[in-house]
Undergrad: 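To start, I am sharing the structure in question, which I have written as structure tokens.
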Amino acid sequence: MSALEQLSPSLLWKHFAAICEIPHPSRHEEAIRQYVVDFAEQRGLEYEIDETGNIVVRKPATPGMEDRPGVVLQGHLDMVPQADENVEHDFLKDPIRPQIKGEWLTATGTTLGADNGIGMAAGLAVLEADDLVHGPVEVLLTVNEEAGMVGAQGLQGGWLKGDILMNLDTEAEGELYVGCAGGIFIRGEASFETEAVPAGYITRTVKLSGLKGGHSGCDIHLYRGNAIRLLTRTLKSLEGFNLRVASLRGGSVANAIPRLATAVVAFPEAQLEAVEAHIDQYFTVLSNEYSVADEGLKLELLEGETAEVMAMAEQRRWLDTLHAFPNGVLRMSDSVEGVVETSVNLGVAKIMDKSVTIETTPRSLIDSACEDVRRTVHGLLNLAGAEVSERDGYPGWKPSVESPIRDVMQGVHKELFGKEADIKVIHAGLECGLLGSKYPQWDMISCGPTIQFPHSPSEQVHIESVSRFWDLVKGTLAAIPAK
Ligand SMILES: [Zn+2]
């Protein structure tokens with residue numbers, strides 16, 4: 001661990017090293033919160049824990065800074081637990097083992113938890129440092145951000161005293177975030193009737209693969225192929241061959257663009273050659289459309305087996321539903337150039353074993369626009385006869401025209417690094433949307449060091465960017481003018 005403590009700024013890295021030692025996957029934040037409690041008690045700092053499990057630690061203004069607005073430095077306590085396939089790691093017991101690889105810090109076969117351990121460590125370092133200049137500071141650490149923003153959902157208004165929120169959970173040095181999309185997970189479920197494969201039919205699997213996929217929000221503007229939609233299109237194009245569908249599966253999670261989809265199908269044996277030729281020809285059609293966005297696209301007809309297929313009316317209904325599903329970018333922002341305002345991703349479709357599951361995630365910078373897509377999806381699923389359920393809805397953070405904290409931080413950035421930061425809006429969820437809905441008076445901003453491949457065992461944080469991130473936070477705290 002001493003290797004980490006030799007890095008600069010040492011206070012921040014000392015806390016990050018300690019955080020790595022304490023298991024803290026989502027939903028298991030007790031131990032890491034206790035670390036914060038012990039720290040606050042040792043330093044004689046006031047702290048409170050709310051009913052949801054969020055903790056706030058307060059530090060008074062440094063001498064002469066009492067008239068400054070209060071700042072809430074915010075991060076989340078939990079990390080995403082992901083290990084490489086060949087690595088045995090018990091995220092409830094085993095420590096994360098960080099290692100320095102050139103300019104980067106990474107873990108050993110697991111996620112590192114730099115998301116959001118570095119943000120948390122920065123907050124603790126501000127609380128501990130005695131050489132900073134700042135107004136009243138509150139460090140707010142929320143529980144379970146990664147699996148539903150549970151802490152932010154449960155946060156009560158009126159609990160925090162600050163006027164400015166500095167979220168420390170974005171992942172690119174040189175970028176300041178001033179807005180984010182809201183979103184919701186929607187699921188439709190239904191059952192369907194089957195019948196025996198008609199006599200004289202053979203069975204095959206149609207497989208659509210090789211797509212790039214990506215994050216359903218952050219990558220939606222790249223217009224990559226959606227495997228469920230492209231497979232559905234292919235199946236629709238085969239209807240003239242008396243195609244019968246037994247099952248269709250695509251995507252694994254609602255918030256990723258599906259890369260792979262397969263369908264087990266049946267058709268008259270006499271049509272085999274014609275179907276093979278059609279698949280080849282349809283592959284050319286799709287590759288022509290996706291030659292740039294998804295040059296790895298593959299469409300194959302493989303062996304497949306089934307005794308039953310969907311009843312014909314059910315097949316029509318579900319293929320039409322998937323085909324009609326809204327998907328992709330729906331509108332670009334009018335106020336922030338080049339940023340997606342509203343989108344939706346058809347993330348999961350499972351039509352098999354007599355049951356249908358469809359999952360999707362609408363997102364928007366504007367809550368009413370997200371609500372409109374939500375109703376569209378409800379309407380379509382209702383028409384198809386599905387039961388609709390929802391979870392994890394969170395509001396967006398609409399960029400405000402005036403933001404004193406943005407201007408202060410931009411000024412400090414320019415002074416420290418000789419250039420302006422990019423002012424950005426992210427088409428994915430940040431806790432700021434929810435937090436801001438509880439504290440509408442807050443002036444909010446989000447920043448962080450450079451973290452690559454978060455939520456995967458390849459997660460790594462750029463070491464030098466952490467020290468510049470620290471300088472930016474420290475410089476901003478000192479530069480905030482009196483109220
Ligand atoms: Zn995070």
Side-chain angles (χ1 to χ4, degrees), residues 12 15-16 19-20 22-29 32-33 36 52-55 72-82 91 96 98 105-107 110-124 139-155 165-173 175-183 185 214-219 253 255-256 361 363 392 394-397 424-436 444-462 465-466 469 473:
L12 187 158
H15 285 295
F16 185 71
I19 289 165
C20 289
I22 304 166
H24 58 288
S26 300
R27 303 188 187 87
H28 300 277
E29 297 94 351
I32 195 78
R33 187 174 51 230
V36 179
T52 313
N54 304 309
I55 182 166
V72 180
L73 294 169
Q74 187 261 327
H76 57 86
L77 290 162
D78 61 317
M79 66 175 277
V80 172
Q82 286 284 323
F91 280 95
I96 301 296
L105 183 75
T106 178
T110 67
T111 34
L112 174 63
D115 169 16
N116 190 210
I118 297 287
M120 198 185 336
L124 296 175
V139 171
L140 169 66
L141 301 169
T142 52
V143 289
N144 195 354
E145 185 266 353
E146 301 285 7
M149 298 198 195
V150 174
Q153 299 265 14
L155 189 81
L165 179 85
M166 237 190 255
N167 170 278
L168 308 175
D169 190 27
T170 42
E171 292 156 354
E173 185 191 1
E175 297 181 353
L176 302 179
Y177 285 83
V178 299
C180 75
F185 284 78
H215 187 277
S216 67
C218 302
D219 297 321
V253 288
N255 60 358
T361 48
R363 298 175 189 271
D392 299 346
Y394 53 91
W397 166 23
K424 303 275 259 190
V425 170
I426 187 171
H427 195 62
L430 287 176
E431 287 174 291
C432 301
L434 274 168
L435 301 177
M444 304 194 290
I445 194 127
S446 176
C447 63
T450 298
I451 298 173
Q452 290 185 329
F453 321 117
H455 305 187
S456 87
S458 311
E459 180 183 0
Q460 54 180 8
V461 59
H462 189 262
S465 79
V466 173
F469 160 65
V473 171

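Not measured: the values here are computed from a predicted model. We count ligands from 1, going down the list as the structure has it; atoms in each ligand are counted the same way. Numbers here are sequence positions counted from 1.
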Undergrad: Strictly under 2.8 Å, is any N, O or S atom of Glu145 next to the Zn ion (ligand 1)?
TA: no
Undergrad: Taking the Zn ion (ligand 1) as the reference point, name the nearest N/O/S atom of His76.
TA: NE2
Undergrad: What's the atom name of the N, O or S in Asp169 nearest to the Zn ion (ligand 1)?
TA: OD1
Undergrad: Within less than 2.8 Å of the Zn ion (ligand 1), any N, O or S from Asp115?
TA: yes
Undergrad: Restricting to non-hydrogen atoms, name the atom on Ile96 and the atom on Ala107 that form the minimum distance, rounded to 0.1 Å.
TA: CG2-CB, 3.8 Å
Undergrad: For Glu171 and Gln452, indicate whether the former's side chain and the latter's backbone hold a donor-acceptor pair under 3.5 Å.
TA: no
Undergrad: Going by the side chain to side chain contact (heavy atoms under 4.5 Å, CB included) test, name the single residue among Leu176, Asp115, Leu430 that passes it with Thr170.
TA: Leu430
Undergrad: Please enumerate all residues that pass side chain to side chain donor-acceptor pair (under 3.5 Å) together with Ser465, with sequence neighbours excluded.
TA: none
